There are 2 protein chains.
Amino acid sequence: MTTDTEQPRLTRAARRVLDTASELFYHQGINSVGVDRIAAEAGVTKKTIYDRFGSKDNLVMAYLRARDVRWRVVVERHIDAAPDPRGAVLAVFDSLTEWRATEGDRGCAMINARAEISGPDHPAHALAADQKRWLMGRFAELIESAGLLEVGSETEVKAEVKAEIQDTALELLLLHEGAVVMSDVGQFGNAVAIARKAAGRLLSP
Amino acid sequence: MTTDTEQPRLTRAARRVLDTASELFYHQGINSVGVDRIAAEAGVTKKTIYDRFGSKDNLVMAYLRARDVRWRVVVERHIDAAPDPRGAVLAVFDSLTEWRATEGDRGCAMINARAEISGPDHPAHALAADQKRWLMGRFAELIESAGLLEVGSETEVKAEVKAEIQDTALELLLLHEGAVVMSDVGQFGNAVAIARKAAGRLLSP
DNA sequence: ACGGTAGTAGACCGACCTGTTTACTTTTGG
DNA sequence: CCAAAAGTAAACAGGTCGGTCTACTACCGT
């Protein structure tokens, strides 16, 4: 269920705690799940939790970080399996389909965490920003390596090309995030497929 | 700050409670704000809150419903001011810019509420679904009235045209929701503008 | 002028929250 | 083999939560 090499050393009990907490935090909400319940469902005493993680906040961060790592691995796997950069962009949306089937039917854990955590200084906010900027950066790399936009004269300023790439990458990110959130709110079960289709159209104007 | 004709009768104290709760719920999160704090900041006793709203849950729903109504009014105003259906679709994104400037720098209140409320039977979930389906429906109406897609032979089945309209409407919704959420998470301050641009491109393929 | 409605003030309740502590047992690595 | 690390068990602390209740007062329409 979880990758076993994501963090060097975690006691078996700590592993159970993290797995249980991940399940509960994601599906019930962070604030709705107390450490007592985590301890009970993980078959562990509270002391163990506090010995290993120090605080609930740390446990929350461990949950978010581990999930982020797991997700990026899935995305990269799909990108690597794609035949060409354009296909790789579309493959990101396929990775979302897979991800949702296995680990996500309640939207993005980062966005949800943001909603529950008031303080903007909380590290969860930075982590969320990191994740989204990473995906947009990945999109931008793929677009660039596709050699998209060999437009105009050769004297065309490179800065403009770069800007165009960034814009398109952001468009793809918006479609992706829109699909993540909308797959669960209405009856938009086809959101990911539609997002993929739109992405394809935006790539070849 | 708030529309005054949205609900027939609300005592002045109840009005203050709702306004204060809306501010706090949206910016701090629903679970992070207790009724004691709402009472204190609204200059009201807890008894008044419970006399008027019955429970915190009811107050939360009143907050979400009022905000939803307020938002739809803004969207409709922008749609009405647009010269043509195509412009109206783009105007929805302009309405988002205005909305964000006045009432929203922490994402979508519905989505955030969903993240905080575990039970899928909670009426907030239905309300969120309603809001999103409404916007998609609005998009679909605009696309249809634009006479988009007078493609192919006149014997083309109408069902297919309808399906295409629904797909495009969903694409626009995804861009919209993506822009709402991403405007606040990274440094994607241009998310709405980019979404608008992409929407325009998706409308004229 | 009066009666109902809306409001204040503030104590109170039980449940639940994160986090700590003490005392004892199990596991594990050099 | 044995000491350190990891874990169990369970009580405890201090706070906050949503929600109730009593007693008294201000307002407002008829």
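Just so it is clear, the model here is predicted, and its values are computed rather than measured.
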From the options Val180(B), Leu170(B), Leu202(B), Ile194(B), select the one residue that forms a side-chain contact (heavy atoms from CB on, under 4.5 Å) with Leu175(B).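 Exactly one candidate clears the test, Leu202(B).
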Does the side chain of [X] reach to within under 4.5 Å of the side chain of [Y], using non-hydrogen atoms?
| X | Y | value |
| --- | --- | --- |
| Leu173(B) | Phe188(A) | yes |
| Arg133(A) | Met136(A) | no |
| Tyr26(A) | Val33(A) | no |

Base, sugar-phosphate alone, or nothing: which one does Thr11(B) contact when heavy atoms must sit under 4.0 Å apart? sugar-phosphate
When all nucleic acid strands are considered with a 4.0 Å heavy-atom cut-off, which category describes Val17(B): base, sugar-phosphate, or nothing? nothing
For Arg86(B) and Ser204(B), test the side chains for any donor-to-acceptor distance below 3.5 angstrom and give the result as yes or no. yes
Report yes or no: do Thr97(A) and Arg196(A) form a side-chain donor-acceptor pair below 3.5 Å?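 Distance-only check fails for Thr97(A) and Arg196(A).
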At how many degrees, to 10°, do the end axes of the helix from dA1(C)-dT30(D) to dG30(C)-dC1(D) meet when each uses five pairs?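 Its terminal axes enclose an angle near 30°.
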Looking at dG19(C), does its base get a donor-acceptor pair with the side chain of Lys46(A) below 3.5 Å? yes
Which parts of residues 48-62 of chain A get close to DNA chain D, meaning a heavy atom less than 4.0 angstrom away? Thr48(A), Arg52(A)
Can you give one letter per nucleotide of nucleotides 22-30 of chain C, 5' to 3': B if a protein heavy atom sits under 4.0 Å from the base, S if only from the sugar-phosphate, - if neither? B-----S--
